[in-house]
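Remarks on the structure that follows.
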2 protein chains.
Amino acid sequence: MTTKFSFTLKATDGKARTGVIDTPRGQIRTPAFMPVGTAATVKAMMPESVAATGADILLGNTYHLMLRPTAERIDRLGGLHKFMNWHKPILTDSGGFQVMSLSGLRKLTEEGVTFKSHVDGSKHHLSPERSMEIQRLLGSDIVMCFDECPALPADRDRIAESMRLSMRWAARSREAFGDRPGYALFGIQQGGLERDMREESAEALKAIGFEGYAIGGLAVGEGQEAMFGCLDYAPDMLPEDKPRYLMGVGKPDDIVGAVKRGVDMMDCVLPSRSGRTGQVFTRHGVLNIKNARHQDDPRPLDEQCGCPACRNYSRAYLHHVFRSQEIISSMLLTWHNLHYFQDLMQGMRDAIAEGRFDAWEAEFHARRAEGDIAPL
Amino acid sequence: MTTKFSFTLKATDGKARTGVIDTPRGQIRTPAFMPVGTAATVKAMMPESVAATGADILLGNTYHLMLRPTAERIDRLGGLHKFMNWHKPILTDSGGFQVMSLSGLRKLTEEGVTFKSHVDGSKHHLSPERSMEIQRLLGSDIVMCFDECPALPADRDRIAESMRLSMRWAARSREAFGDRPGYALFGIQQGGLERDMREESAEALKAIGFEGYAIGGLAVGEGQEAMFGCLDYAPDMLPEDKPRYLMGVGKPDDIVGAVKRGVDMMDCVLPSRSGRTGQVFTRHGVLNIKNARHQDDPRPLDEQCGCPACRNYSRAYLHHVFRSQEIISSMLLTWHNLHYFQDLMQGMRDAIAEGRFDAWEAEFHARRAEGDIAPL
């Protein structure tokens, strides 16, 4: 086991990259998809099941955990890994994004943000210094800078103002994070869809220096075409020898397009949230298990999938338990979706390592274009 | 693997018995507690996890399954075992009890019961013949006679009338069940709290002849003292060489008292339902994980319990996920409760086999009297 945090690029294919992040808690194979464990659980999953899908790292949400059960309580109980029984790496966001999207009344100043909890209305404060403290108390392996992120579309002035505030906060985050061997602090590039501001942001972050660099402020309503447009240049502005993390992405085709453009890490609630609403991802695209066409279908969701939902259950069973609102429906469909997303990442890692990413991508799109298997 | 259904009594201690039921789908160690898998799932549990708690057999509900997804559909899909991925024995009830407790408008005649579904208001019919057909379509290993059961208290005339109808239905059930090697049909003794009627019912059932005998019409509101009063004589009226099944029981102390009185099998939704409402069974009695006293407690629910909830999580974590309404709360607490119930049965099986049931029972009550461990 290493005692350091490091990134090793193993192979590239076009702009697509594959490598390994070494941490004292284990290796993270990249490109990596991080399931989201908002409130110290990936919803409807046992942590050993999350690991069984192939996940090397989870994302935890600072905003949720600081409100309940609180970072101080988790620290007293031995940290987030022990608390939630997940002993591989954890990345935590800074809390900034969800203060904006979830909390009640909030006040933003140069110093930080004051806001009301969406749980009980209590008043809280976040700043670069407090966010670093919370993420340290949680025991997060990869800590994110505290930043501010405007919803898109936004005008250039608003984007510039916000980005520059985030860069000042990035410097304060770096200072507050201190010297913590084995742990990493990632800077977050902002600048919306404005190329010059992305450049300015990247330069500011590189001047500070981080163990990894995130691309923030995307997947916030701009659409895939605009996002890919930005990803055509944004990753190239970041250091080649550090991991690049695209925050909050995404759908399978978003993920593939991001990897193709040089992204190494991603996270999204989509596979777990969809598992609870009956939306299922397969090689053939998306299906909804609620649909009556599945009620007599003895076939698995995907005949080539190795997850328990596919190995042990028919579509008819999954349809039945979804319609009956049984908890096992969320358990099995979430497991399947997470397994699918991890299979997708493994497929890309192998293809990049073997220099056949373009062929892999063509097959990915061709299979999805076929649509779900025909009813019996 | 045997191809027959048989019961072997291994040891007795006072009236308490331990033995083995052999079936083509595996052995059932008695005394046995059967978790309830109402709608083709033990709520919040994967079937392999149910097996890991030590359960040898599940109970399925004919009433629920006939309405959704229907017995005919389950049959087309290969039977209930395959449908729900549970390959050990399954016992199904006859549907009669839940028609009375759950369905809408119903009409009872000598022939059977017509009723409206609680799911969609559709009209359905159950009779001894239809109940046998449904349980055969499901592939149930232990089939229950179709019976009628009055809520207690009820007057003697009502109890006698109902019991005699159930005995006529028992004869029709036996006839309709036919000759099915490897499968068992259990008769159900009725008669409320009236000793002479319990005797009359037992004689009627023995004259027909069954592979096992249930004690029905208890745990329907009469209280533990009255139930134990009836169990002081009712099991003795049933054949010694066949399994005796007390339906719908119960709390841990109900179970212990029933085993002491000669009962071999039981079922109850209590451990699984309680797991979803935060009620936890331990050697020290019952605790509610919602209570604030647990929020900083790093200790497991029960230090001697080997279930995943106790091995891997603190009370503080279980409190947090319960309060946050996370699905993993139901998953872990249900697992713990089922594990506790199965440990209880194993403890009794061992104690009976070793002739120390009284000492075991005294310790069981002494530990519960201590109450939960003191807060830190």
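Protein chains get the first letters and strands the later ones, always in sequence-line order, with residue 1 at the start of each. Atom set for the values below is all heavy atoms of this structure, side chains included, hydrogens, waters and symmetry mates excluded.
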Q | Residue part contacting chain A, namely of B/Y313, when any heavy atom lies under 4.5 Å | A | side chain

Q: Evaluate the side-chain proximity of A/S324 to B/R68: yes if any heavy-atom separation is below 4.5 Å, no if none is.
A: yes

Q.
With a sphere of 6.0 Å drawn around NZ of A/K116, does it hold more than 12 non-hydrogen atoms of other residues, nucleotides or ligands?
A. no

(Q) Around atom CZ of B/F97, are there more than 12 heavy atoms from other residues, nucleotides or ligands closer than 6.0 Å? (A) no

**Q.** Partner residues of B/R293 under the side chain to side chain contact (heavy atoms under 4.5 Å, CB included) criterion, sequence neighbours left out
**A.** B/N291, B/D372, B/P375

Q.
With rounding to the nearest 0.5 angstrom, report the CG to CZ distance, B/N312 to A/F83.
A. 14.0 Å

Q.
The criterion is side chain to side chain contact (heavy atoms under 4.5 Å, CB included); which residues satisfy it with A/R323, sequence neighbours excluded?
A. A/K290, A/H319

Q) Roughly how far apart are B/H320 NE2 and A/L65 CG, rounded to 0.5 Å? A) 6.0 Å

Q.
Counting neighbours of CZ on A/R273 that are heavy atoms of other residues, nucleotides or ligands and sit closer than 6.0 Å, is the number greater than 12?
A. no

Q) Does any heavy atom of chain A fall under 4.5 Å from the side chain of B/I74, the backbone, both, or neither of them? A) neither

Q: Please identify each residue that fulfils side chain to side chain contact (heavy atoms under 4.5 Å, CB included) with B/Q346, with sequence neighbours left out.
A: B/R29, B/R349, B/D350

Q. Checking B/W86 against chain A: side chain, backbone, both or neither under 4.5 Å from a heavy atom?
A. neither

Q) What closest approach, in Å, do B/A316 and A/L77 show between heavy atoms, and which atom pair accounts for it? A) CB-CD1, 3.4 Å

Q: First locate atom CG of A/D296, then atom CD of B/E72, and finally report the distance between them rounded to the nearest 0.5 Å.
A: 11.5 Å

Q: Residue by residue, scan residues 34-52 of chain A and write down, ordered by number, those that have a heavy-atom distance under 4.5 Å to chain B; if none do, write 'none'.
A: A/A39, A/A40, A/T41, A/K43, A/A44, A/M45, A/M46, A/P47, A/E48

(Q) Check this for me: B/K251, atom NZ, are more than 12 non-hydrogen atoms of other residues, nucleotides or ligands nearer than 6.0 Å? (A) no

